[in-house]
Amino acid sequence: MGVILSIPADAGRRRIEELLQENEDRVFKRWLEIAGSASGGQVDRSSLAGQLRELYQALRQSFGDSGDLSDLRGLLAELSRTRARQGFTSTETAIVVFGLKEALYESVEEDASPEALRGFIWFSRVIDDLGLFTVESYATAREKVILDQAEQLLELSTPVVKLWDGIVAVPLVGTLDSARTQVVMEKLLQILVDTGSEHAVIDITGVPAVDTQVAQHLLKTVVAARLMGAECVISGIRPQIAHTIVTLGIEFGDIVTKATLADALAHTLRASGVEFTKRGGSRIAVRTVED
């Protein structure tokens, strides 16, 4: 009959703590090699070494704090956020944590004591939990990065430009949804306040299609501008869009619509008191009518 050897969990944990202390330089060096390989040369080795040194010390400190991993988790969360911003993948980030198991196992294998082997099982569970926490933190940070980038692209895709004194334009490209309408409205109203403009041109030449929802968004923007004392002209009404608007029975009411941005600009200039006079063939002279 075989003999069953029972190793207390505390004994295994203490042996792992001793191995981490006794073989610190060796384990850390091996861990740095694994993490560096996973980073693919995207991060400076000295910077990576500093991050891993902090993690290593925080891990050892947690052993003396009755297993309190709050400081270590904080460092891992910061590592995840940094790597998410730098463009690392979740796998590359997780390997930084999981690599410590492989680095320590070489020392455990050499020790080969029942305490070390039992302790390594406990240590693996700790590292697995920390690795999962790191992946979750990375996913959260990466999602925030993507949302921030989407907001920046939305800002860039909705410029408000000054065409003339008292005239601004909003050239729209792409789909117009509720979120984008809100950005358009806010930027347009702000530029109307900043410039004191009384006329605005909303150009939808780059909008692929106009349905009932898009029309409602446009109408809301026009109404908001009117509340600020500015009149809006909608330009870019192509034949296909005009046909769709008629088919859907969409009513723009007393809102002025034009086929092109040039037509809209000419209309707003005339409304601003600017006269056009043809001189010498196709040349056009512009002068402002004084009150």
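In this chain, residues are counted from 1 in sequence order. Below, all heavy atoms of this structure are taken into account, side chains as well, without hydrogens, waters or symmetry copies.
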In terms of side-chain geometry, is the basic nitrogen of Arg14 or Glu17 positioned less than 4.0 Å from the acidic oxygen of its partner?
-> no
From CD (Glu110) to CG (Leu19), nearest 0.5 Å | 10.0 Å
Shortest non-hydrogen separation from Leu52 to Trp31 and the atoms involved = O-CZ3, 3.5 Å
List the steps and the verdict of side-chain contact (heavy atoms from CB on, under 4.5 Å) for Ile167 and Thr268.
-> CA-CA 7 Å; Ile167 303 174; Thr268 53; 3.6 Å; yes
Compare all side-chain heavy atoms of Val201 with those of Leu265 and state whether any distance is below 4.5 angstrom.
-> no
Taking atom types as modelled, is there a side-chain donor on Thr195 or Ser197 under 3.5 Å from an acceptor on the other?
-> yes
Indicate if Leu72 and Leu100 have the same hydrophobic cluster label, given that clusters are the connected sets of ILVMFWY residues with side-chain heavy-atom separations under 4.5 angstrom.
-> yes
Nearest atoms (heavy-atom pairs only) where Leu248 meets Thr212 = CD1-N, 3.9 Å
From Glu251 atom CD to Leu219 atom CG, the distance as rounded to the nearest 0.5 Å = 10.0 Å
Would you say Val161 and Val168 make side-chain contact, with heavy atoms under 4.5 Å?
-> no
Supply the atom-to-atom distance Gln57 CD to Asp71 CG, rounded to the nearest 0.5 angstrom.
-> 12.5 Å
Is the NZ atom of Lys220 crowded by more than 12 outside heavy atoms at less than 6.0 Å?
-> no
Val108 vs Ile16 side-chain heavy atoms within contact, under 4.5 Å = yes
Within the side chain of Ser80, is there an N or O that forms a donor-acceptor pair under 3.5 Å with the backbone of Thr134?
-> yes
Think Arg83 forms a cation-pi with Tyr138, using NZ or CZ under 6.0 Å from the six-ring centre and within 45 degrees of its axis?
-> no
Using side-chain contact (heavy atoms from CB on, under 4.5 Å) as the criterion, point out the one residue from Asp128, Asp129, Leu130 that pairs with Val126.
-> Leu130
Is a salt bridge present between Lys29 and Glu24, judged by a nitrogen-to-oxygen distance below 4.0 Å?
-> no
Met185 with Val193, same ILVMFWY side-chain cluster at under 4.5 Å | yes
Could you please spell out the steps behind the salt bridge (Lys or Arg N to Asp or Glu O under 4.0 Å) verdict for Arg15 and Glu22?
-> CA-CA 10 Å; Arg15 186 55 190 150; Glu22 294 168 2; 3.6 Å; yes
Nearest heavy-atom approach of Arg238 to Val207 is NH2-O, 3.3 Å
Does any non-hydrogen side-chain atom of Leu261 lie less than 4.5 Å from one of Thr205?
-> no
When every non-hydrogen atom of Leu132 is compared with those of Phe98, the smallest separation belongs to N-CZ, 4.4 Å
Distance (rounded to the nearest 0.5 Å) between Leu189 CG and Leu227 CG = 8.5 Å
Of all heavy-atom pairs between Tyr56 and Leu20, which one has the smallest distance, and what is that distance?
-> OH-O, 2.7 Å
Any side-chain heavy-atom pair of Glu198 and Ser272 under 4.5 Å | no
Is there a donor-acceptor pair closer than 3.5 Å between any side-chain N or O of Asp111 and the backbone N or O of Ser107?
-> no
Relative to Phe28, does Arg53 satisfy both conditions: NZ or CZ under 6.0 angstrom from the six-membered ring centre, and within 45 degrees of the ring's axis?
-> yes
Side chains of Leu59 and Phe123: closer than 4.5 Å at any heavy-atom pair?
-> yes
Quick one: do Arg13 and Glu115 make a salt bridge, cutoff under 4.0 Å?
-> no
Give the C-alpha distance, both sets of side-chain angles, the deciding distance and a yes or no for side-chain contact (heavy atoms from CB on, under 4.5 Å) between Lys187 and Ile191.
-> CA-CA 6 Å; Lys187 292 188 70 174; Ile191 201 69; over 6 Å; no
Within a strict 4.5 Å, meaning less than it, do heavy atoms of the Ile34 and Glu102 side chains meet?
-> yes
Just wondering, do Asp68 and Gln61 contact through their side chains at under 4.5 Å, heavy atoms?
-> no
Could you tell me which non-hydrogen atom of Ala94 sits nearest to which non-hydrogen atom of Val135, and how far apart they are?
-> CB-CG2, 3.8 Å
Take Lys258 and Val233, measure what side-chain contact (heavy atoms from CB on, under 4.5 Å) needs, and give me the verdict at the end.
-> CA-CA 7 Å; Lys258 296 294 181 181; Val233 177; 3.9 Å; yes
Do Ile121 and Ile127 share a hydrophobic cluster (ILVMFWY, side-chain heavy atoms under 4.5 Å, transitive)?
-> no
Rounded distance (nearest 0.5 Å) linking atom CD1 of Ile234 with atom CD1 of Ile255 = 5.0 Å
Between Glu92 and Gln86: side-chain donor-acceptor atoms closer than 3.5 Å | no
Is Asp25 salt-bridged to Arg30, going by a charged N under 4.0 Å from an acidic O?
-> no
Between Arg45 and Leu32, is a side-chain contact (heavy atoms from CB on, under 4.5 Å) present by the stated rule, with each step listed?
-> CA-CA 8 Å; Arg45 190 175 179 84; Leu32 182 59; 3.8 Å; yes
With a 3.5 Å cut-off and no angle check, do the side chains of Ser235 and Asp203 form a donor-acceptor pair?
-> yes
Show your working on salt bridge (Lys or Arg N to Asp or Glu O under 4.0 Å) between Lys162 and Asp194 and close with a plain yes or no.
-> CA-CA 11 Å; Lys162 182 177 179 180; Asp194 295 341; over 6 Å; no
Looking at CD of Glu143 and CG of Leu147, how far apart are the two atoms once the value is rounded to the nearest 0.5 Å?
-> 5.5 Å
Linking I/L/V/M/F/W/Y whenever any side-chain heavy atoms sit under 4.5 Å apart, do Val223 and Val184 land together?
-> no
Side-chain donor/acceptor of Asp211 to backbone N/O of Val214, under 3.5 Å = yes
Cluster question for you: counting only ILVMFWY and a side-chain heavy-atom cut-off of under 4.5 Å, with indirect links fine, are Phe133 and Ile95 together?
-> no
